[in-house]
*Asks:* 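Here's a structure for you.
Letters A, B, ... mirror the listed sequences (proteins, then strands); counts begin at 1.
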Amino acid sequence: MARLLKKCVIASGISIASFYCGIYYDKKTTSNETLFDKFKNLPGLPLYGTVSAATSFSPVPQSMNRTSQIMKYGFPSLDNVKSFSDYVLSYDRRTRVAHWVFEHLTKETVKYNDAVDRSLCNFMPDESIHHFFRAENSDYLRSGYDRGHLAAAGNHRCCQKDVEQTFYLSNMAPQVGVGFNRDSWNRLEKYVRKLTKKYINVYCCTGPLYLPRKEADGKNYVKYEVPPEAIERAAGLLFFDNVSRSKMKTINGKKS
DNA sequence: TTTATTGT
């Protein structure tokens, strides 16, 4: 992680940190009321604003259960939350880059499917976002930066629709290509997928950090081995806020 | 068993 961040900071001024925030598995069955249930009836929270509302004629959008699974342990923040078929995103209009994306990975969901063809996917603007704030392909063209996935395409290869939905530009951040997005970051993504061999449930939250950060002594710092709280403070987000820290450490789905 | 750009 250290090198990834540093490279990105130096090269682009934007550091992208996969704040892989934890693996949590609750052995009990799902409680009747999830956090999602509490939010779903609140006005003005566009949980289904992107795709499902337009594609489903069911009174209950099909992605509802999936969204509640992904967000089972809480939202890091609630700014412009958008739900896709297999990941959830909070969008930052000022930067045209997400605040965070949230994924729930299991051995089954990351399973490689030969029938899925990534080369058929196109990077596409997210039309659900007002044109003032929408990232366009022209923003990236000849910029020198890759359109780097936050929710990785390789995490959503179970069906074509899911992988296609990772190609919205709302799921991209400008990333240095050679050495970072195509190398170290790619290795990190593979590592996260590999965690599903060891843990039943892997919750992955990814987003950009804009570093370095000025600390109390007035100097700018980029630090790497840091506790989760440092990421929360730098990102302005809270991870698994409704889960006690001790429970998160001791209860997980580690496979024997 | 992946991640991408550019130019056509």
*Asks:* I'd like to know if A/E215 pairs up with A/K223 as an ion pair, taking the criterion as any Lys NZ or Arg NE/NH1/NH2 lying under 4.0 Å from an Asp or Glu carboxylate oxygen.
*Replies:* yes

*Asks:* Does a side-chain N-to-carboxylate-O contact under 4.0 Å join A/E229 and A/R233?
*Replies:* yes

*Asks:* Honestly curious: do A/L238 and A/Y73 fall in one hydrophobic cluster under the side-chain, below-4.5 Å linking rule?
*Replies:* no

*Asks:* Dump the intermediate steps for ring-ring contact (aromatic ring centres under 6.0 Å, His included) on A/H104 and A/Y87, then the final yes or no.
*Replies:* CA-CA 7 Å; A/H104 168 237; A/Y87 71 100; over 10 Å; no

*Asks:* Using a cut-off of 4.0 Å between protein heavy atoms and nucleotide atoms, how would you tag nucleotides 3-8 of chain B 5' to 3' with B, S and -?
*Replies:* BBSSS-

*Asks:* State which residues pass side chain to side chain contact (heavy atoms under 4.5 Å, CB included) with A/R134; sequence neighbours excluded, sorted by chain then number.
*Replies:* A/P125, A/E127, A/I129, A/H131, A/E136

*Asks:* Rounded to the nearest angstrom, tell me the gap between atom CG in A/D117 and atom C1' in B/dT1.
*Replies:* 13 Å

